[in-house]
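Taking it in order: structure first as structure tokens, then the write-up.
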Amino acid sequence: MTDENGRRMPVWEIVLRYLLLLAVLALMIGPFLWQLSTSLKGPHENIFSSPPEFLPSSPTLHNYERVADTIPVWDYALNSLKVAAANVVTNCVGATLAGYALARLRYRGRKAATIVFILAMLVPVEGIIIAQFTTMRDLGLNNTLIGVLLPGCISALNVLLMRNAFLNLPYEIEEAAYVDGANVWQRFLRIALPAVKGTLAVVAIFAFMGAWDDFLWPLIVLSDPDRFTLTIGLNYLHGTFANDERLVAAGTVIAVLPLIVLFGCLQRYFFRGVGEGAVKG
């Protein structure tokens with residue numbers, strides 16, 4: 001094996017790299033695998049044994065049935081799916097249009113607009129959440145899924161990702177299309193947009209994860225249990241059955257599973273998109 005400079009790597013360096021990779025892998029997916037194992041254990045298995053038993057002796061799906069019997073988990077999941085899907089659409093459309101305008105169009109104040117998006121990323125959510133709540137209240141959107149969606153419908157991070165992806169495209173291609181008579185929308189839809197599909201997949205994943213995992217804002221803006229998202233519903237599950245770790249683990253797996261499926265479907269675009277939207281040096 002050789003490194004990035006073509007130099008042959010010694011055996012100890014190869015072993016060290018793989019050990020570090022395995023350690024990082026264990027830290028990243030170890031807790032999830034432990035939750036999955038706990039969710040499959042029956043009521044007679046000791047989940048706090050020492051040394052711990054990772055594999056369940058008698059795997060069962062009864063804990064997942066109990067979650068559905070305890071709280072309307074599928075209704076909560078549907079509410080989360082509605083918000084997450086709408087968040088993906090609004091971020092993909094809005095961030096793509098804004099990123100293209102920042103990267104390819106020429107107008108006064110373009111650099112200032114870019115700085116505004118960068119500064120928006122530096123403001124913590126907790127610092128503006130009261131202003132967001134009063135805004136939703138004045139608009140009459142409290143206790144609605146639209147009120148959950150609206151503050152995050154276009155993320156500053158996603159706009160900058162799309163901007164950097166468009167900046168990496170050669171100007172000569174668009175100039176040739178301009179000479180052929182293509183207008184701005186034609187250059188955007190037929191030339192620029194197909195070239196940044198990878199970054200668009202990154203934006204979709206980030207938008208879905210941000211909406212699906214959000215807990216604080218839905219907890220503040222929603223008051224009707226019928227409109228609760230999955231994260232709030234699972235919090236009620238934990239509060240009612242704090243001593244039943246199997247039930248909590250099953251609810252956690254239900255919440256994480258859609259994210260794994262989404263990433264599995266878009267992973268080949270994700271890694272290509274990270275390179276497309278990388279920050280230029």
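- Ring planes of W212 and F208: parallel class, angle under 30° (limits at 30 and 60°).
- Using a 3.5 Å distance cut-off with no hydrogens or angles, the side chains of N91 and N158 do pair a donor with an acceptor.
- E45 and S58 share no donor-acceptor pair across their side chains, judged by distance under 3.5 Å alone.
- Contact of the L40 side chain with the L61 side chain is registered, since non-hydrogen atoms from C-beta on lie closer than 4.5 Å.
- Side chain of D75 to main chain of R227: no donor-acceptor pair is present (N/O by atom type, distance under 3.5 Å, no hydrogens or angles).
- S39 places no side-chain N or O within donor-acceptor distance of the main-chain N or O of A250, the cut-off being under 3.5 Å.
- In terms of modelled atom types and a separation under 3.5 Å, the side chain of N183 and the main chain of W185 share a donor-acceptor contact.
- With hydrogens and angles disregarded, a donor-acceptor distance shorter than 3.5 Å links the side chain of N168 to the backbone of N164.
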Quiz item: Hey, mind stepping through D213 and L259 against side chain to side chain contact (heavy atoms under 4.5 Å, CB included) and telling me if it holds?
Solution: CA-CA 9 Å; D213 291 338; L259 300 178; 3.5 Å; yes
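- In this structure the side chain of L161 reaches within 4.5 angstrom of the side chain of F206, judged on heavy atoms.
- D226 and N79 get closest at one heavy-atom pair: O-ND2, 3.1 Å.
- When side chains are defined from C-beta on, Y178 does not count as touching Y171, because their heavy atoms never get closer than 4.5 Å.
- A pairwise comparison of heavy atoms in F166 and V196 identifies CE2-CG2, 3.7 Å as the closest pair.
- Side-chain contact between Y100 and R187: present, with at least one pair of heavy atoms (C-beta onward) separated by less than 4.5 Å.
- Cluster membership for F133 and F215, using ILVMFWY side-chain heavy atoms within less than 4.5 angstrom, is shared.
- Put simply, the side chain of M136 reaches to within 4.5 Å of the side chain of W217, judged on heavy atoms.
- Interatomic distance, R106 CZ to R110 CZ, rounded to the nearest 0.5 Å: 4.0 Å.
- A donor-acceptor contact shorter than 3.5 Å links the side chain of N143 to the backbone of D224.
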Self-check item: Pair I115-L119, side chain to side chain contact (heavy atoms under 4.5 Å, CB included): steps then yes or no
Solution: CA-CA 6 Å; I115 294 175; L119 293 177; 4.0 Å; yes
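- Panel note: side chain S37, backbone L33; no donor-acceptor pair is recorded below 3.5 Å.
- Taking the side chain as every heavy atom from C-beta outward, V73 and Y64 never approach each other to under 4.5 Å.
- A donor-acceptor pair is defined here as one N or O able to donate and one able to accept, closer than 3.5 Å; no such pair exists between the side chain of N63 and the backbone of G42.
- Judged purely by atom type and a 3.5 angstrom limit, R104 uses its side chain to pair as donor or acceptor with the backbone of L169.
- A continuous path of Ile, Leu, Val, Met, Phe, Trp and Tyr side chains, each step under 4.5 Å between heavy atoms, connects I71 with W74, placing both in one hydrophobic cluster.
- Side-chain atoms of T231 come within 3.5 Å of backbone N or O of D214 as a donor-acceptor pair.
- Checking each of V148, L149, I154 against N87 for a side-chain contact (heavy atoms from CB on, under 4.5 Å) leaves exactly one that passes, namely L149.
- In terms of heavy atoms, P258 sits closest to A255 at CD-O, 3.5 Å.
- With hydrogens and angles ignored, the 3.5 Å screen pairs no side-chain donor or acceptor of T38 with any backbone N or O of R246.
- The cluster map of Ile, Leu, Val, Met, Phe, Trp and Tyr, joined by side-chain heavy atoms under 4.5 Å apart, puts L19 and V11 in the same cluster.
- Sparse packing is recorded around CD1 of I146, with 12 or fewer heavy atoms of other residues, nucleotides or ligands lying under 6.0 Å away.
- When side chains are defined from C-beta on, M162 does not count as touching L97, because their heavy atoms never get closer than 4.5 Å.
- The aromatic rings of F228 and Y76 sit tilted, their planes meeting at an angle between 30° and 60°.
- Contact of the L157 side chain with the F117 side chain is not registered, since no non-hydrogen atoms from C-beta on lie closer than 4.5 Å.
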